[in-house]
Structure formats: structure tokens, C-alpha cells
Amino acid sequence: MRFRMGAWARTLLVLALIYLVLVGLESMGLAFELFGKDVAQRLITATTNPFVGLFIGVLATSLVQSSSTTTSITVGLVAGGALTIEGAVPIVMGANIGTSVTNTVVSLGHVTRKEEFRRAFAGATIHDFFNWISVFVLLPLEIGFGYLSGTAKWMAGLLDGVGGVELLSPVKAAVEPAAEGLSRFLGDSGSLTLLVGIVLTFIALKYLVDVLKAVFTSSAEQVLHRTLFRSSLAAMAVGCLLTVMVQSSSITTSSMIPLVGAGIITLEQLFPFTVGANLGTTITAMLAALVTGSPAAVTVAISHLLFNLN
């Protein structure tokens, strides 16, 4: 009975620490909404150069800590006529790169432990390399031939007149009130909210790794490998599903970094999970585009999907 109580206590502690990590990440995004979201939107509308647009997508997503936010803003601007399809596609590409910044930040929580940091940082950079390689291949094709935008325009014609519904995120619904309450407690100060969010994330991650090592014994590790990561397709499906629920690939992939750092999940298992997370994050922009009813907005959302499928 004592073992069972200990196991339950550790499981509850893991859930509590994961919740604190999510609150910390949400607080970081909320902080930039307080003093950076308008800046991100102005940056998005300020460019017509595809290379500048690419790096503005990276910067805007780094500010708001969510590629879904950047792509949704972009979709809304296209629907409102403030941004062209050709100008929006590089921004969407940059948003995919920017969303991997969170992973790198999370991996820094292991910096005091050499081997853990090596594994965690390698896991974080999988996301970076996947997106950068995709951009190196697809951006020249888009600039030279309009590959993504042209294909997306054709596909958008098939969806003309289709309506959409808002996607509910139970995880976000659970985390957002705590982050907003923390922000109000700090006087809605963007700087303080950002600082507390970073500190909370780092502290929670530090203890999460310690507890995970105790919770995931060899038998539990085998169960994890037989279920969620039993195959590449299963890992991809889980990554996509979790990201659809959370509506943030940053949170989904970042939650795996402590497991990689602890040696529970290998890089080979993490890669298909990351690919699935990238696919899942396209759903928010797609639904936002369908809600607007704008063919141009739907085209941008499909471009986002095609970028992650190629």
C-alpha cells in the first residue's frame, strides 16, 4: 500500500509540474501579448520582401510563443486585404521556425547537467532542423514558381463556400485562467509576467526531470514505448492529436524535451512525433480561415498545411 501511495503521489506531482510548465509557457506568451502582439502584427504588415517576411514570421512567433497565433493573425490580415497571399506564405514559413524557439528555451533547463542537456538540446534542435530544411527547399520554389501559393489556390477553389467551427482546447482552457490570474496579480506588467513565466518554467522543468526519472522505471518505460511510441506512425498520430488539443506545437513538443533529456525517449522516436505536431498546428489556422469565408485566407492556411506535408 505504501508503494501504491508513493506511485500515486509521484504521478500527481508529475501532472502538477507539467501544469506549472504549461502555465509558465502561457504566461510568457501572455506577456508578449501585453506589450508585443501589436508590434508583431505591425511587423507582419510591413513587409513585401519574402526573406524579410520569413524572419518577421520567426520574430513574431518568438514573441507570442505560438505559431498558431502568428498564422491566425496572418490569415486574418489576408482576409481583411491587408496582406497578399504571396506576402503571407514566407511569414507562415517563418512561423514554423519560430515555434521551435520554445523547445530550445526548455532545453536550457537542463544546462547544469551535461548529459541531460546534450540529449535535451539535441531533441530541441530536431524541430529546428526539420523546419529550416523545409524552408531551404520550399522558399526558393515559392519565390521562383509560386509552388505553395499556386497549389494552395487550386485546392482552395475546392473548398470555396465551406464554413468552419471554433476548435475548443481543454488544455488551454485549464491553463489560461491561471496565467491570466498571475498576470493580474503582477499588475498586468508584461516585463514581470515574462520574468515570472520564465522562472516558473525553469523551476518546474528542473523538478519534472527528477520526478520523471523516479516515475518512469524500466517497466513503465517499456509500456510507453509499446503504446505512444510503438511505431513512427503512432508517434506522428499522437503528436498531431495532442497539438490539435493544445493548439500549440511549441507546448506539445516542449513537453517531450524533459523525457528526451531523461533518456526515456530517443531522438528517433521524437522525430515523427515532431512531424505530427507540425501537422496538428495547421488546424487552428485552417479553421480560422474557414470561419472568415475568404478564399485568400483559406489559400494561406492550405499553404501552411502543404509546407508541413512536403
Using side-chain heavy atoms (C-beta onward) and a distance below 4.5 Å, is Ser303 in contact with Val92?
no
Spacing of Tyr19 atom OH and Leu12 atom CG [to the nearest 0.5 Å]:
15.0 Å
side-chain contact (heavy atoms from CB on, under 4.5 Å) partners of Asp128, counting only residues at least two apart
Ser100, Thr104, Thr125, Trp132
Count the heavy atoms belonging to other residues, nucleotides or ligands that lie under 6.0 Å from CG of Leu233, then report whether that count exceeds 12.
no
Does the side chain of Phe307 reach to within under 4.5 Å of the side chain of Asn96, using non-hydrogen atoms?
yes
I want to check something: taking the side chain as every heavy atom from C-beta on, are His127 and Leu270 in contact at a cut-off of under 4.5 Å?
no
So, using side chain to side chain donor-acceptor pair (under 3.5 Å) as the criterion, who are the partners of Ser134 when residues are at least two apart?
none
For Phe117, give me all partners under side-chain contact (heavy atoms from CB on, under 4.5 Å), at least two apart in sequence or on another chain.
Ser107, Leu108, His110, Val111, Phe121
Consider only side-chain heavy atoms of I, L, V, M, F, W and Y, link residues closer than 4.5 Å, and tell whether Val260 and Phe130 are in one cluster.
yes
Minimal heavy-atom distance between Ala152 and Leu306, with the atoms involved, is N-CD1, 3.9 Å
Do Leu259 and Met256 have side-chain heavy atoms sitting under 4.5 Å apart?
yes
Partners of Leu13 by side-chain contact (heavy atoms from CB on, under 4.5 Å), sequence neighbours excluded?
Leu17, Val211
I need the minimum non-hydrogen distance between Thr193 and Ser27, along with the two atoms involved.
CG2-O, 3.4 Å
Look at the side-chain heavy atoms of Ile, Leu, Val, Met, Phe, Trp and Tyr, link any pair under 4.5 Å apart, and say whether Val89 and Phe55 land in one connected group.
yes
First locate atom CD of Glu180, then atom CG of Asp188, and finally report the distance between them rounded to the nearest 0.5 Å.
9.5 Å
Check whether Leu195 and Phe185 end up in the same hydrophobic cluster, where Ile, Leu, Val, Met, Phe, Trp and Tyr are linked by side-chain heavy atoms less than 4.5 Å apart.
no
Going through the distances and angles, do Asn278 and Asn131 end up as a side-chain contact (heavy atoms from CB on, under 4.5 Å)?
CA-CA 9 Å; Asn278 278 350; Asn131 287 317; 3.4 Å; yes
Approximate separation, where rounding is to 0.5 Å, of Ile302 CD1 and His304 NE2
13.0 Å
If hydrophobic clusters are built from ILVMFWY residues whose side chains come within less than 4.5 Å, do Phe145 and Val135 share one?
yes
Inter-residue atom distance Thr299.OG1 - Glu86.CD, 0.5 Å rounding:
9.5 Å
In terms of hydrophobic clustering (I, L, V, M, F, W, Y; side-chain heavy atoms under 4.5 Å; direct or indirect links), are Val199 and Leu192 co-clustered?
no
Heavy-atom side-chain contact between Leu20 and Leu200 under 4.5 Å
yes
What's the spacing between Leu241 CG and Met236 CE if we round to 0.5 Å?
14.0 Å
Side-chain donor-acceptor distances from residues 136-144 under 3.5 Å, at least two apart:
unit_1 : atom_1 : unit_2 : atom_2 : d
Glu142 : OE1    : Tyr147 : N      : 3.4
Glu142 : OE1    : Leu148 : N      : 2.8
Glu142 : OE1    : Ser149 : N      : 3.0
Glu142 : OE2    : Ser149 : OG     : 2.8

List in chain and number order the residues that pass side-chain contact (heavy atoms from CB on, under 4.5 Å) with Leu309, two or more places apart in sequence or in another chain; answer none if no residue qualifies.
Leu279, Leu305
Side chain of Ser183, backbone of Ala179: donor and acceptor closer than 3.5 Å?
no
